[in-house]
Visitor: 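Following this message is one structure expressed as structure tokens.
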Amino acid sequence: SHDPNQPGLVDFQSVSRFRIKKSSALRELKALAEEHFGIPVAQQRFWTWCQRENGTFRPEEPITKHDDTLLYDITTASVWDLFLENTELT
């Protein structure tokens, strides 16, 4: 979600949140995103976030794992913040 008072910044308090088991495959997360946002799985690219020295956040690197990869093989974090890119728009 975008904060119109601060161009280019994300309001993390108003973003969509999903609960999914770590034993789920990446394709299951993509299916949830397709259902919620209407973005076809083939047009989705998830990115991890990084916090910069100035306190801002930005997408860091895309998740390029195969869709059958289990989430716990990608991260051990209990909370995982991701950026979803619609590749049709880029």
Visitor: Say you draw a straight line from CZ of Phe57 to OG1 of Thr48; how long is it, rounded to the nearest 0.5 Å?
Guide: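 OG1 of Thr48 is found 12.0 Å from CZ of Phe57.
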
Visitor: Look at the side chain of Glu60 and the backbone N and O of Cys50, then say whether any donor-acceptor pair between them is shorter than 3.5 Å.
Guide: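 Pair absent, no side-chain N/O of Glu60 close to backbone of Cys50.
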
Visitor: Nearest 0.5 angstrom please: Asp68 CG to Arg27 CZ, how far?
Guide: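 Reported value, rounded in 0.5 Å steps: 4.5 Å.
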
Visitor: Spell out, yes or no, whether Ile20 and Leu70 are grouped together once hydrophobic residues are joined by side-chain heavy atoms under 4.5 Å, including indirect joins.
Guide: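 Shared cluster, no.
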
Visitor: Quick one: pull up CG in Leu26 and OG1 in Thr69 and give me the separation to the nearest 0.5 Å.
Guide: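 Going from CG on Leu26 over to OG1 on Thr69, the span is 6.5 Å.
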
Visitor: Can you check whether Trp47's main-chain N or O pairs, donor with acceptor, with Glu85's side chain at less than 3.5 Å?
Guide: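 Not a single qualifying donor-acceptor pair exists.
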
Visitor: Count the heavy atoms of every other residue, nucleotide or ligand shown that sit under 6.0 Å from NZ of Lys65, and state whether that count exceeds 12.
Guide: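 Open.
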
Visitor: Report the distance from atom NE2 of His36 to atom CZ of Arg17, rounding to the nearest 0.5 Å.
Guide: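 Interatomic distance, His36 NE2 to Arg17 CZ, rounded to 0.5 Å: 11.5 Å.
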
Visitor: Tyr72 and Leu32: same hydrophobic cluster, using ILVMFWY side-chain contacts below 4.5 Å?
Guide: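 Tyr72 does not cluster with Leu32.
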
Visitor: Any chain of hydrophobic side-chain contacts (each under 4.5 Å) joining Leu84 to Ile74?
Guide: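 In one cluster: yes.
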
Visitor: Would you confirm whether Lys30, through its side chain, and Ala42, through its main-chain N or O, come within 3.5 Å as a donor-acceptor pair?
Guide: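 No, because the side chain of Lys30 does not come within donor-acceptor range (under 3.5 Å) of the backbone of Ala42.
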
Visitor: Please name the pair of heavy atoms, one in Gly38 and one in Pro40, separated by the smallest distance, quoted to 0.1 Å.
Guide: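 Closest pair (atom of Gly38, atom of Pro40, distance): O-CD, 3.4 Å.
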
Visitor: Find the distance between CD (Gln44) and CG (Leu29) and round it off to the nearest 0.5 Å.
Guide: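 Output value for this atom pair is 7.5 Å.
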
Visitor: State whether the number of non-hydrogen atoms from other residues, nucleotides or ligands found under 6.0 Å of Glu35 atom CD is greater than 12.
Guide: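 12 or below, so no.
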
Visitor: Got a second to check how far Thr87's OG1 is from Leu89's CG, nearest 0.5 Å?
Guide: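 Spacing of OG1 (Thr87) from CG (Leu89) equals 8.0 Å.
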
Visitor: Under 4.5 Å between side-chain heavy atoms, hopping through other hydrophobics if needed: is there a path connecting Phe18 to Leu82?
Guide: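 Per the 4.5 Å side-chain linkage, Phe18 and Leu82 are co-clustered.
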
Visitor: Do the non-hydrogen side-chain atoms of Asp67 and Val41 ever get within less than 4.5 Å of each other?
Guide: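 In contact.
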
Visitor: Is there a path from Phe46 to Trp80 through hydrophobic residues (I, L, V, M, F, W, Y) whose side chains come within less than 4.5 Å of each other?
Guide: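 Yes, because Phe46 and Trp80 connect within a single hydrophobic cluster, where side-chain heavy atoms sit under 4.5 Å apart.
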
